[in-house]
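Taking it in order: structure first as structure tokens, then the write-up.
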2 protein chains.
Amino acid sequence: MHDHSGLIHSAEAHAADEGALKKLSALFKVFGDLTRMRILYALSSTEMCVCAISEYLKMDQSAVSHQLRVLKNHRLVASRREGKTVYYRLDDDHVGSIIRQGYEHVSEAE
Amino acid sequence: MHDHSGLIHSAEAHAADEGALKKLSALFKVFGDLTRMRILYALSSTEMCVCAISEYLKMDQSAVSHQLRVLKNHRLVASRREGKTVYYRLDDDHVGSIIRQGYEHVSEAE
DNA sequence: CTATTATATGAACAACAATTCATATGAACG
DNA sequence: CGTTCATATGAATTGTTGTTCATATAATAG
């Protein structure tokens with residue numbers, strides 16, 4: 001094996017704590033699903049009830065509920081109840097920023 | 001079913017093209033893995049060869065190679081060859097920005 | 001050409017995650 | 001209370017993805 005202790009030390013010097021990287025990848029994993037991304041995008045214009053989301057996305061109400069729970073667990077969306085209806089909305093200023101940064105990357109020339 | 005055509009129209013009004021959302025979620029999916037996140041973080045301080053990365057992360061060389069390919073396919077890293085050795089580095093200004101935005105989210109008070 | 005070192009790749013396997021289906025909870029109303 | 005509508009949840013299933021193992025390519029030296 002060739003020597004590269006220099007590079008490794010350099011990397012270790014600013015070693016991030018594993019915990020932060022774990023949280024980070026877990027967060028991005030939530031964004032890394034088309035269904036959830038579509039939900040987030042839908043909510044970026046207005047709050048919506050579960051019923052409306054599933055109708056809009058033409059998806060099973062149950063599937064949407066499951067994904068909303070994931071989003072909520074990661075504090076990306078919040079909800080309020082009004083009678084039988086539950087309205088969801090984006091719950092963090094960063095949500096928009098993160099998506100926008102990603103968008104800049106994917107929209108670059110091939 | 002209760003009526004919410006208003007909400008749906010509002011969402012449809014600014015409807016993103018499905019393609020962009022697909023690309024977006026695919027991009028975030030790449031960030032959504034601890035191994036890849038660790039590689040990206042390691043490379044944020046300096047370029048490294050595959051050998052050094054796998055030693056630093058204490059991972060199989062093959063596993064690292066596989067993940068580097070994923071990262072490269074999404075243009076998140078680039079490589080240069082020097083003899084037998086291949087050095088990888090980050091390949092987009094957005095990579096850092098995206099990770100930083102995510103970091104702000106996860107580092108918020110519980 | 002052969003041997004050696006660094007990296008890449010294909011196939012198989014194991015772990016995980018998204019959807020579906022059935023059913024449960026929770027609110028409003030008669 | 002019983003019914004209806006909106007949402008939530010658990011279990012089963014199916015699809016996807018990361019790692020491992022074996023092997024291939026690529027470069028350099030002898």
Side-chain angles (χ1 to χ4, degrees), chain A residues 1-8 21-22 25-40 42-43 47-74 76-89, chain B residues 1-8 21-22 25-40 42-43 47-74 76-89:
Chain A
M1 198 203 322
H2 75 272
D3 177 65
H4 38 47
S5 46
L7 290 184
I8 293 184
L21 294 182
K22 217 165 191 168
S25 56
L27 172 68
F28 285 121
K29 186 174 290 179
V30 178
F31 286 99
D33 175 83
L34 181 56
T35 296
R36 287 190 291 264
M37 185 59 69
R38 299 212 296 152
I39 292 176
L40 290 175
L43 295 180
E47 72 170 10
M48 290 174 98
C49 61
V50 180
C51 192
I53 298 173
S54 61
E55 187 181 330
Y56 173 57
L57 300 184
K58 293 180 180 57
M59 285 190 61
D60 215 276
Q61 173 266 319
S62 179
V64 171
S65 261
H66 278 298
Q67 297 306 337
L68 282 170
R69 183 154 54 103
V70 174
L71 291 168
K72 196 172 186 180
N73 286 343
H74 288 265
L76 300 181
V77 303
S79 62
R80 73 182 173 85
R81 179 178 276 274
E82 195 172 290
K84 287 174 253 176
T85 309
V86 178
Y87 291 93
Y88 281 85
R89 63 177 182 281
Chain B
M1 197 203 325
H2 76 271
D3 177 66
H4 37 47
S5 46
L7 289 185
I8 292 184
L21 294 181
K22 217 165 190 168
S25 56
L27 173 67
F28 285 122
K29 185 174 292 179
V30 177
F31 286 99
D33 175 82
L34 181 56
T35 295
R36 288 190 291 265
M37 185 58 70
R38 299 213 297 153
I39 291 175
L40 290 175
L43 294 181
E47 70 171 10
M48 291 175 98
C49 60
V50 180
C51 193
I53 298 172
S54 62
E55 188 181 328
Y56 173 57
L57 300 184
K58 294 181 179 56
M59 285 190 62
D60 215 275
Q61 172 266 319
S62 179
V64 172
S65 260
H66 278 298
Q67 297 306 339
L68 282 170
R69 184 154 54 102
V70 174
L71 291 169
K72 196 172 186 180
N73 286 343
H74 288 265
L76 300 181
V77 303
S79 62
R80 73 182 172 85
R81 179 178 277 275
E82 194 172 293
K84 285 175 254 176
T85 310
V86 177
Y87 291 93
Y88 282 86
R89 63 178 182 280

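A note on names: the letters A, B, ... follow the listed sequences, proteins ahead of strands, and every chain is numbered from 1. This one's a predicted model, so the numbers in the text were calculated from it and none came from an experiment.
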| What is the distance, rounded to the nearest whole Å, between atom NZ of A/K84 and atom C1' of D/dT3? | 10 Å
| side-chain contact (heavy atoms from CB on, under 4.5 Å) partner of A/I39, chosen from A/L76, A/D33, A/L68, A/V70 | A/L68
| task | Give the rounded distance in Å between these two atoms: CG of A/D60 and C1' of C/dT23. | result | 14 Å
| field | Distance below 4.0 Å between B/K29 side-chain N/O and D/dT17 OP1 or OP2 | value | yes
| message | Any N or O donor-acceptor pair under 3.5 Å from the base of D/dT19 to the side chain of B/T35? | response | no
| request: Answer yes or no: does a side-chain N or O of B/Y88 lie under 4.0 Å from OP1 or OP2 of C/dA8? | output: yes
| message | How many whole angstroms separate atom NZ of A/K72 from atom P of D/dT7? | response | 12 Å
| To the nearest Å, how far apart are B/L68 CG and C/dA8 C1'? | 11 Å
| Do the side-chain N or O atoms of A/Q67 get closer than 4.0 angstrom to the phosphate oxygens (OP1, OP2) of C/dA17? | no
| task | Write down the distance between CD (B/E82) and P (C/dA6), rounded to a whole number of angstrom. | result | 13 Å
| field | Proximity to the side chain of B/A63 - top-ranked nucleotide from D/dT20, D/dA8, D/dT28 | value | D/dT20
| From C/dA22, C/dA6, C/dA17, nucleotide with atom closest to A/S62 side chain | C/dA22
| Given side chains that start at C-beta, do those of B/L43 and B/I53 come closer than 4.5 Å, heavy atoms only? | yes
| Where the side chain of A/R38 meets the backbone of A/L40, is there a donor-acceptor pair that is under 3.5 Å apart? | no
| said: Can you tell me if A/H66 is stacked onto the base of C/dT19, using a 5.5 Å centroid cut-off and an angle below 30°? | reply: no
| said: What verdict does the side-chain hydrogen bond (donor to acceptor under 3.5 Å, both in side chains) test give for B/D60 and B/S62, after you've listed the backbone C-alpha separation in whole Å, the side-chain angles of each residue and the deciding distance to 0.1 Å? | reply: CA-CA 5 Å; B/D60 215 275; B/S62 179; 4.7 Å; no
| Would you say D/dG18 has OP1 or OP2 under 4.0 Å from some side-chain N or O of B/R36? | yes
| query | Within the structure, does a side-chain N or O atom of A/R69 lie under 4.0 Å from either OP1 or OP2 of D/dT9? | reply | yes
| task | Mark yes or no for a side-chain to base donor-acceptor pair under 3.5 Å between A/Q61 and D/dA6, with no hydrogen or angle criteria applied. | result | no
| Among D/dT19, D/dA27, D/dT7, which nucleotide sits nearest the side chain of B/M59? | D/dT19
| query | When the distance from CG of B/D33 to C1' of C/dC16 is rounded to whole Å, what number comes out? | reply | 12 Å
| B/R80 CZ to C/dT7 C1', straight-line distance once rounded to whole Å | 15 Å
| message | Which nucleotide wins on minimum distance to the side chain of A/V50, given the candidates D/dT7, C/dA6, C/dA28? | response | D/dT7
| message | Using a heavy-atom cut-off of 4.0 Å across all strands, would you classify B/T85 as base, sugar-phosphate, or nothing? | response | sugar-phosphate
| Whole-Å gap separating P (C/dT5) and NE2 (A/H4) | 13 Å
| query | Do B/T85 and B/C51 have side chains that get closer than 4.5 Å, going by heavy atoms? | reply | no
| said: Can a donor-acceptor pair be found, under 3.5 Å and without considering hydrogens, that links the side chain of B/R69 to the backbone of B/L71? | reply: no
